[in-house]
**Q** 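Pasting a structure here, questions to come.
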Protein chains: 2
Amino acid sequence: MIETIQEAAGHLDAATLLERARKRDAQIDRATVYRTLELLKKLRLINELDLMHLTGRKHFYEAKTTVDQVHLACFQCGRIEEVTSPLFDRLKTEISRQNSFQIREVRLEAGGLCKACSARNGKTDGIREKAGALVAPNRQ
Amino acid sequence: MIETIQEAAGHLDAATLLERARKRDAQIDRATVYRTLELLKKLRLINELDLMHLTGRKHFYEAKTTVDQVHLACFQCGRIEEVTSPLFDRLKTEISRQNSFQIREVRLEAGGLCKACSARNGKTDGIREKAGALVAPNRQ
DNA sequence: ATAACTGCAAATCTTTTGCTTACAG
DNA sequence: CTGTAAGCAAAAGATTTGCAGTTAT
């Protein structure tokens, strides 16, 4: 299953994962998917994300990479961008040291407007942005 | 309800919130709580957190403060610490600028071992830490 | 009168569990 | 044998929705 997660470009929720896993092995069960996800989480091979709750209560999974990614979720178009920043590591170190907290896992997510959507909106609709953007974002 | 959230020291999930809200107004319904939370989210008066999924699939709510807090969740004792760091703001600015992404909301959570738990564990149990810590954290 | 809000009950969706069988060491 | 993994079906938990009755504007 970890392969299925790895070869997926984006972020998968359990249902999609089940679907894909079934293409390989037709009679796999939901329970197996969830149990495997649980296992992979414990082994720290995958990350569990919420992507700013754009899509409600679902959890998403991705294979862990060497550098921690920041996830940017666009409230308007629903797209998820993954970016990195050297400052992120410094921040982790600082937080860890200042609070004597051994960080084993971090998650940094931001929600807002992606470049394309800001551009598309133009400069005159701060109001619309405030009122409507969170209401019905497209699904990713 | 925002008051109930504000006066609560910690982070409340919907169920607890309902319970507390009922102390004020006995026949409040779940639906009202969820609908109000939805509203407060849209108005950006509250944050919705997952606290590293320590407690499964629940969402937690807290009144928004002026500075963004970092949430540290201890995998062992389940305690949540809130800390701030000036670097966090710099990181936000950097990410926003480098990706032309208008950040409207950020969430930074970390999971690991709090000071007390690291101390309690001593220095000899890296193994136990690896294998057992995620299994059954106490509830907060 | 009209729009927004609420309770209530039922539905939905996601995730978890108990039980039983299959399988590997 | 003996413990681990898997399917299946059912349960559980959290959140959402439709509807009808109220309240506020």
**Q** Could you give the CZ-to-C1' distance, from B:R22 to C:dG7, as a whole number of Å?
**A**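 Checked: the CZ to C1' distance equals 10 Å.
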
**Q** Provide, to the nearest angstrom, the distance between the CD atom belonging to A:E48 and the C1' atom belonging to C:dT15.
**A** 11 Å

**Q** Under a 4.5 Å cut-off applied to non-hydrogen side-chain atoms, are B:R44 and B:K64 in contact?
**A** yes

**Q** Are the side chains of A:L108 and B:F88 in touch, meaning some heavy atoms are under 4.5 Å apart?
**A** yes

**Q** Starting at the 5' end of DNA chain D and moving along, which residue's nearest nucleotide shows up first, A:R30 or A:L39?
**A** A:L39

**Q** Please check: side-chain N/O of A:D50 versus main-chain N/O of A:H53, any donor-acceptor pairing under 3.5 Å?
**A** no

**Q** Any side-chain N or O of B:Y34 less than 4.0 Å from the OP1 or OP2 oxygen of D:dT16?
**A** no

**Q** Closer than 4.0 angstrom, basic N to acidic O: yes or no for A:K41 and A:E38?
**A** yes

**Q** Using a 6.0 Å cut-off, check whether atom CZ of B:R22 has over 12 heavy atoms from anything other than its own residue.
**A**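 Check passes, neighbour count above 12.
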
**Q** If you assign A:A31 and B:Q27 each to the DNA chain C nucleotide with the nearest heavy atom, which residue ends up on the more 5' nucleotide?
**A** B:Q27

**Q** What nucleic acid atoms does A:A15 come within less than 4.0 Å of, heavy atoms only: base, sugar-phosphate, or nothing?
**A**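 Answer is nothing: A:A15 stays at 4.0 Å or more from every strand.
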
**Q** Provide, to the nearest angstrom, the distance between the CG atom belonging to A:D25 and the P atom belonging to D:dG7.
**A**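 Taking atom P of D:dG7 as the reference, CG of A:D25 is at 6 Å.
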
**Q** Nearest to the A:R35 side chain among D:dT15, C:dC19, C:dT15, which nucleotide is it?
**A** C:dC19

**Q** C:dC5 C1' sits how many Å from B:L40 CG, rounded?
**A** 14 Å

**Q** Judged by each residue's nearest nucleotide on DNA chain C, which is more toward the 5′ side, A:D29 or B:I28?
**A**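 The residue closer to the strand's 5' end, by nearest nucleotide, is B:I28.
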
**Q** What is the distance from NZ of A:K58 to C1' of D:dA14, rounded to the nearest Å?
**A**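 Atom NZ in A:K58 sits about 15 Å away from atom C1' in D:dA14.
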
**Q** Can you tell me the distance, in whole Å, between the CG atom of A:D13 and the C1' atom of C:dC13?
**A**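 Taking atom C1' of C:dC13 as the reference, CG of A:D13 is at 11 Å.
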
**Q** For D:dG13, does the base pair up with any side-chain atom of A:R57 as donor and acceptor (N or O, under 3.5 Å, distance only)?
**A** no

**Q** Starting at CD of A:E19 and ending at P of C:dC13, how long is that distance when rounded to a whole Å?
**A** 15 Å

**Q** To the nearest Å, how far apart are B:E38 CD and D:dT15 P?
**A**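 Result: 11 Å.
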
